[in-house]
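Hydrogens, waters and symmetry mates are skipped; everything else that's a heavy atom, side chains included, is used. Keep in mind the model is a prediction, meaning the values are calculated, not measured.
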Amino acid sequence: MTPSPHEAAAMARARDLAAAVLGTTSPNPAVGAVVLDADGVIAGEGATRPPGGPHAEVVALAQAGERARGGTAVVTLEPCAHTGRTGPCADALLAAGISRVLVAVPEPTELAGGGAERLRAAGVDVVLGVEQDAAERGALAGWLTGVREQRPYVIWKVAATLDGRVAAADGSSRWITGPEARAEVHRLRAGCDAVVVGSGTALADDPQLTVRDADGRDADRQPLRVVVDRRDRLPATARVLDDAAPTLVSRAGTPAELLAELFARDVRRVLLEGGPTLAAAFLRDGLVDEAVVHLAPKLLGAGRSLVDDLGITGIGSALSLSVAGLTPLGGDVQIRLHPTRHTGGSTRTGGDDVDGGS
């Protein structure tokens with residue numbers, strides 16, 4: 001069934017609400033919900049609160065109050081039917097008198113499933129799969145990757161010149177991009193549970209890897225900072241070891257081992273900010289789900305490339321990516337991409353592959 005214009009607009013708003021709480025809900029999914037009254041007017045909206053807090057539907061229903069009765073709930077993920085730290089959202093919708101529910105993504109887990117059936121059994125009109133692809137590509141991507149693959153979703157972020165250089169021949173790399181692109185990096189970090197670099201990047205750039213606001217102040221909530229350092233190269237004076245945010249120094253031997261370690265810590269979204277060596281290791285192993293490239297209109301002609309050897313020898317085997325979005329950032333351009341397949345190149349292990357570059 002095709003949603004009405006009011007319902008389609010509400011689903012887009014629900015996706016935006018979910019995106020706004022990314023980085024605060026793990027290991028729970030970031031869900032958005034909008035309640036329309038009987039006339040199709042927005043009566044309430046909400047997003048998942050941090051673990052232990054109410055789910056998106058409950059927040060939206062509380063805002064809607066009596067206007068929810070006879071209305072429609074538009075939700076990015078099927079309302080749960082189980083009791084965990086909070087009660088079943090399906091029961092909350094029934095108690096509020098909702099008559100119709102539109103869901104983007106059906107619940108993929110057995111534990112929380114059954115919400116749609118419970119609602120239908122009570123006479124509620126339930127439509128599943130409304131704009132499902134957009135929701136799965138959005139705020140739910142990290143959680144769904146965790147459910148399906150038992151690992152975090154990986155976003156590879158890199159800043160490069162027009163000729164694909166991340167550093168000049170003398171090793172200098174600050175600043176390739178302008179202030180707007182650098183501000184976007186902080187927004188990317190804020191939406192992730194962990195930021196990962198290799199020891200090479202930590203040594204070369206001494207980054208702090210915190211999230212800062214527009215005024216340069218540290219944000220209240222900080223993602224886990226992760227340095228992959230199998231050879232104990234990170235000095236005690238490194239800024240990433242300060243008390244501005246939690247830090248994990250990992251000795252994982254492969255990207256898969258690192259992601260397993262992070263998944264066990266309830267990390268569901270990883271921002272990979274390491275150098276060309278670390279990026280190549282993740283790409284070779286098929287563990288990059290999304291790439292965010294900040295491209296500066298500059299030419300260097302020499303220096304480090306944005307990614308090291310992928311084990312690809314012919315153009316026919318090149319790793320192709322689909323463009324998901326282009327956004328001007330001041331004088332630079334942000335390109336969001338998704339790999340259309342994994343490289344299939346040779347898998348390598350060892351510290352040099354994981355420990356990162358410049």
Side-chain angles (χ1 to χ4, degrees), residues 12-33 45-51 53 55-56 59 76-77 104-105 134-147 151-159 177 179-197 207-226 240 244-248 259 262-263 265-274 279 282 287-294 324-327 329 332 334-338:
R13 175 59 180 162
R15 290 196 301 270
D16 289 343
L17 290 165
V21 296
L22 276 173
T24 69
T25 67
S26 292
N28 296 332
V31 178
E45 58 183 36
T48 308
R49 297 289 172 81
H55 291 185
V59 177
T76 58
L77 181 66
V105 180
E136 289 189 340
R137 287 272 191 171
L140 287 172
W143 181 76
L144 288 170
T145 298
V147 169
R151 67 167 178 86
Y153 182 87
V154 177
I155 303 168
W156 170 42
K157 175 267 163 187
V158 61
T177 53
E180 293 87 354
R182 296 198 292 274
E184 178 63 18
V185 172
H186 288 281
R187 286 189 286 272
L188 286 169
R189 289 177 182 172
C192 290
D193 305 312
V195 180
V196 176
V197 298
Q208 191 179 28
L209 299 180
T210 54
V211 176
R212 294 185 290 277
D213 62 22
D215 296 321
R217 295 186 298 261
D218 283 345
D220 292 336
R221 184 244 163 221
Q222 295 289 338
L224 176 68
R225 302 177 294 187
V226 182
V240 76
T247 300
L248 169 68
L259 293 182
L262 295 177
F263 190 80
R265 291 172 170 259
D266 288 341
V267 169
R268 296 297 180 267
R269 284 175 65 89
V270 166
L271 185 63
L272 182 64
E273 288 198 48
F282 273 78
L287 293 173
V288 170
D289 301 291
E290 181 179 342
V292 178
V293 180
H294 288 173
L326 290 169
T327 306
L329 295 174
D332 307 310
Q334 174 178 273
I335 311 173
R336 282 186 173 268
L337 310 111
H338 295 280

Note, [X] side chain near [Y] side chain (heavy atom, < 4.5 Å):
X	Y	answer
Thr25	Trp143	no
Leu272	Ile155	no
Ile335	Val292	no
Asp213	His186	no
Pro223	Val211	yes

List the atom of [X], the atom of [Y], and the distance in Å for their closest heavy-atom pair.
X	Y	result
Ala33	Ala14	N-CB, 4.1 Å
Cys192	Val270	SG-C, 4.2 Å
Arg189	Arg221	O-NH1, 4.2 Å
Ala47	Val59	O-CG2, 3.9 Å
Ala18	Val31	CB-C, 3.7 Å
Pro51	Asn28	CA-ND2, 3.7 Å

Under 3.5 Å, is there a donor on one side chain and an acceptor on the other for Asp193 and Ser26? yes
If we ignore angles and hydrogens, is there a donor and acceptor under 3.5 Å between the side chains of His338 and Arg137? yes
Are any of the side-chain nitrogens in Asp289 or Arg151 under 4.0 Å away from the carboxylate oxygens of its partner? yes
Nearest 0.5 Å, what's the [atom1]-[atom2] distance between [X] and [Y]?
X	Y	atom1	atom2	value
Leu329	Glu184	CG	CD	5.5 Å
Leu144	Tyr153	CG	OH	10.5 Å
Leu224	Leu262	CG	CG	6.5 Å
Phe263	Thr145	CZ	OG1	10.0 Å
Asp332	Arg182	CG	CZ	9.0 Å

Could you check whether any side-chain N or O of [X] sits under 3.5 Å from a backbone N or O of [Y], counting only pairs where one atom can act as donor and the other as acceptor?
X	Y	answer
Arg269	Val154	no
Thr247	Val240	yes
Thr76	Gly32	yes
Arg225	Gln208	yes
Thr48	Pro29	yes
Arg217	Arg212	no

Can you sort out the partners of Arg268 under side chain to side chain donor-acceptor pair (under 3.5 Å), two or more places apart, ordered by chain and number? none
Could you walk me through whether Arg265 and Leu248 pass the side-chain contact (heavy atoms from CB on, under 4.5 Å) check? CA-CA 11 Å; Arg265 291 172 170 259; Leu248 169 68; 3.5 Å; yes
Go through Lys157 and Val185 one step at a time and tell me if the side-chain contact (heavy atoms from CB on, under 4.5 Å) criterion holds. CA-CA 8 Å; Lys157 175 267 163 187; Val185 172; 3.5 Å; yes
Would you check, one step at a time, whether the test side-chain contact (heavy atoms from CB on, under 4.5 Å) holds for Leu271 with Val196? CA-CA 6 Å; Leu271 185 63; Val196 176; over 6 Å; no
Are more than 12 heavy atoms, taken from residues, nucleotides or ligands other than Arg49, located less than 6.0 Å from that residue's CZ atom? no
